[in-house]
Amino acid sequence: FKILGAKANDDEIVKKSSSGGFFSLIAEKVLSQNGVIFGAKFDKNWNVVHDYTDNINELDVFRRSKYVQSRIGNTYQKAEDFLKAGRLVLFTGTPCQIKGLKLFLRKDYENLLTVDFVCHGVPSPAVWNMYLDAYIKKAGIQRSNIKQINFRDKKYGWNNFSLTIATNEISTTETLSKNLYMRLFLSNIILRPSCYSCAAKGGKSKSDITIADFWGIEKIFPECNDDTGYSLILVNTSKGEKFIPPLSYKTSDYKTIRQLNGGLNAHIITPKNREKFFRKFPTFTDSNFLSRSAS
């Protein structure tokens, strides 16, 4: 068990990533060995779904955090098919999705590499769609006009959680203090019910590697704090260690990072106003969501 901190040497990869770009590096390594990667991406209607690719030119859609529950679909079955065919498989997801994959497979595969992340919890897709419909109506655009959605745009820095929605004509970026959806997410109001009693946090998913933002890095490695993003990497197994790419790493210990990243083990407490929000939710429309849900 090792705890590392690092960022990609390629500034463009860091810019396109939510933290330090570590996912891209390990994905590239798997793809270079004729492997297949599974992860979350947006579909054509900007819902979040799990999918796979073995083409490095398609890697970009799997980068960046998506703060919506992803639809697993048939990806567990697809992963099993690739594993049985002898292909190297990298499966990335939330701790509960990795735990679900292992329960589905019912056996260990030497050619399976699993990577999860320190999960804050996943928001309801219904709330995301209501928010997006409200945004679209206010902006006077169509879903089909949207070219990019980025929940962790670094336009105003890594530490300023910023949500960007862009078309070819307009681009809107709002920081946490201004964006309603991000405030609802980080205040834990719109998470799925299972997130408040998660059975997969704290290493219970049995993933090979866990990745996260290296929050608090300014306290222990201030020389790395340039506000462009830095990855925290928990190497959980010897298999995971084999896929760690060559970088200049910082090393830390669990006690230290646990104090800096409360999401590692702590269960999320259900907010008192969550029940009120979802009781009101059926009465929202895309015309009043932005104003009524904030009240």
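Side chain to side chain, Asp226 and Thr228 meet the donor-acceptor criterion of an N or O pair below 3.5 Å.
The environment of Asp43 atom CG is dense: over 12 non-hydrogen atoms of other residues, nucleotides or ligands sit within 6.0 angstrom. Annotation for Asp11: atom CG does not count as buried by contact number, only 12 or fewer foreign heavy atoms lying within 6.0 Å.
Nearest heavy atom pair, residue Arg274 against residue Leu191, reads NH2-O, 2.7 Å. Between Asn288 and Thr283 the shortest heavy-atom distance is ND2-O, 3.8 Å.
Residues Leu101 and Leu105 meet the side-chain proximity criterion, which asks for heavy atoms closer than 4.5 Å. Put simply, the side chain of Ile220 reaches to within 4.5 Å of the side chain of Leu260, judged on heavy atoms. Taking the side chain as every heavy atom from C-beta outward, Leu4 and Leu247 never approach each other to under 4.5 Å. In this structure, Ile146 and Ile136 have side chains that are in contact, with non-hydrogen atoms separated by less than 4.5 Å. Inter-residue side-chain proximity for Val14 and Lys154 is flagged as met; some heavy-atom pair is nearer than 4.5 Å. With a 4.5 Å cut-off on side-chain heavy atoms, His120 and Asn188 count as touching. In this structure the side chain of Tyr181 reaches within 4.5 angstrom of the side chain of Ile190, judged on heavy atoms. With contacts defined as side-chain heavy-atom distances shorter than 4.5 Å, the pair Lys138/Leu290 qualifies.
Evaluation of the side chain to side chain donor-acceptor pair (under 3.5 Å) rule for Tyr254 yields Asn265 as partners, not counting sequence neighbours. Shown here are the side chain to side chain donor-acceptor pair (under 3.5 Å) partners of Ser124, two or more places apart in sequence or in another chain: there are none. Residues satisfying the salt bridge (Lys or Arg N to Asp or Glu O under 4.0 Å) test with Lys41, not counting sequence neighbours, are Asp51. Residues satisfying the ring-ring contact (aromatic ring centres under 6.0 Å, His included) test with Phe221, not counting sequence neighbours, are none. Partners of Lys178 under the salt bridge (Lys or Arg N to Asp or Glu O under 4.0 Å) rule, at least two apart in sequence or in another chain, do not exist in this structure. Residues meeting the side chain to side chain contact (heavy atoms under 4.5 Å, CB included) test with Pro125, sequence neighbours left out: Val68, Gln69, Arg192. Taking Phe23 as the reference, nothing meets the ring-ring contact (aromatic ring centres under 6.0 Å, His included) condition, with sequence neighbours excluded. By the side chain to side chain contact (heavy atoms under 4.5 Å, CB included) test, Thr53 is found to be paired with Ile37, Asn55, Glu58, Phe62, residues two or more places apart in sequence or in another chain being considered.
Phe281 and Phe278 have tilted rings, their planes meeting at an angle from 30° to 60° on a 0 to 90° scale.
Within the structure, every pair that satisfies the side-chain hydrogen bond (donor to acceptor under 3.5 Å, both in side chains) test and touches residues 20-29, not counting sequence neighbours, is listed here: Ser24-Arg63. The side-chain hydrogen bond (donor to acceptor under 3.5 Å, both in side chains) contacts involving residues 87-101 comprise Asp54-Arg87, Ser70-Gln97, Thr94-Gln97, where partners must be two or more places apart or lie in separate chains. Each ring pair (Phe, Tyr, Trp, His ring centres under 6.0 Å) pair with one or both residues in residues 25-58, not counting sequence neighbours, appears once here: Phe38-Tyr52, Phe38-Phe91, Phe42-Trp46, His50-Phe91, Tyr52-Phe82.
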Expected list for residues 207-216: side-chain donor-acceptor pairs under 3.5 angstrom, two or more places apart:
{"unit_1": "Ser207", "atom_1": "OG", "unit_2": "Asp116", "atom_2": "OD1", "d": "2.9"}
{"unit_1": "Ser207", "atom_1": "OG", "unit_2": "Asp116", "atom_2": "OD2", "d": "3.4"}
{"unit_1": "Ser207", "atom_1": "OG", "unit_2": "Ile209", "atom_2": "O", "d": "3.3"}
{"unit_1": "Ser207", "atom_1": "OG", "unit_2": "Thr210", "atom_2": "OG1", "d": "3.3"}
{"unit_1": "Ser207", "atom_1": "OG", "unit_2": "Asn236", "atom_2": "ND2", "d": "3.2"}
{"unit_1": "Asp208", "atom_1": "OD1", "unit_2": "Thr237", "atom_2": "OG1", "d": "2.8"}
{"unit_1": "Asp208", "atom_1": "OD2", "unit_2": "Thr114", "atom_2": "N", "d": "2.9"}
{"unit_1": "Asp208", "atom_1": "OD2", "unit_2": "Thr114", "atom_2": "OG1", "d": "3.2"}
{"unit_1": "Thr210", "atom_1": "OG1", "unit_2": "Asp116", "atom_2": "OD1", "d": "2.7"}
{"unit_1": "Thr210", "atom_1": "OG1", "unit_2": "Asn236", "atom_2": "ND2", "d": "3.1"}
{"unit_1": "Asp213", "atom_1": "OD1", "unit_2": "Arg152", "atom_2": "NH2", "d": "3.0"}
{"unit_1": "Asp213", "atom_1": "OD1", "unit_2": "Trp158", "atom_2": "NE1", "d": "2.8"}
{"unit_1": "Asp213", "atom_1": "OD2", "unit_2": "Arg152", "atom_2": "NH1", "d": "3.2"}

Report the C-alpha separation of Tyr135 and Asn179 in whole Å, then their side-chain angles, then the decisive distance to 0.1 Å, and conclude whether the side chain to side chain donor-acceptor pair (under 3.5 Å) test is met. CA-CA 11 Å; Tyr135 170 86; Asn179 185 265; over 6 Å; no
Checking salt bridge (Lys or Arg N to Asp or Glu O under 4.0 Å) for the pair Arg106/Glu80: CA distance, chi angles, key distance, verdict? CA-CA 10 Å; Arg106 293 180 292 179; Glu80 184 179 45; 5.9 Å; no
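Because its NZ or CZ atom is not both nearer than 6.0 Å to the ring centre of Phe243 and within 45° of the ring axis, Lys239 does not count as a cation-pi partner of that residue.
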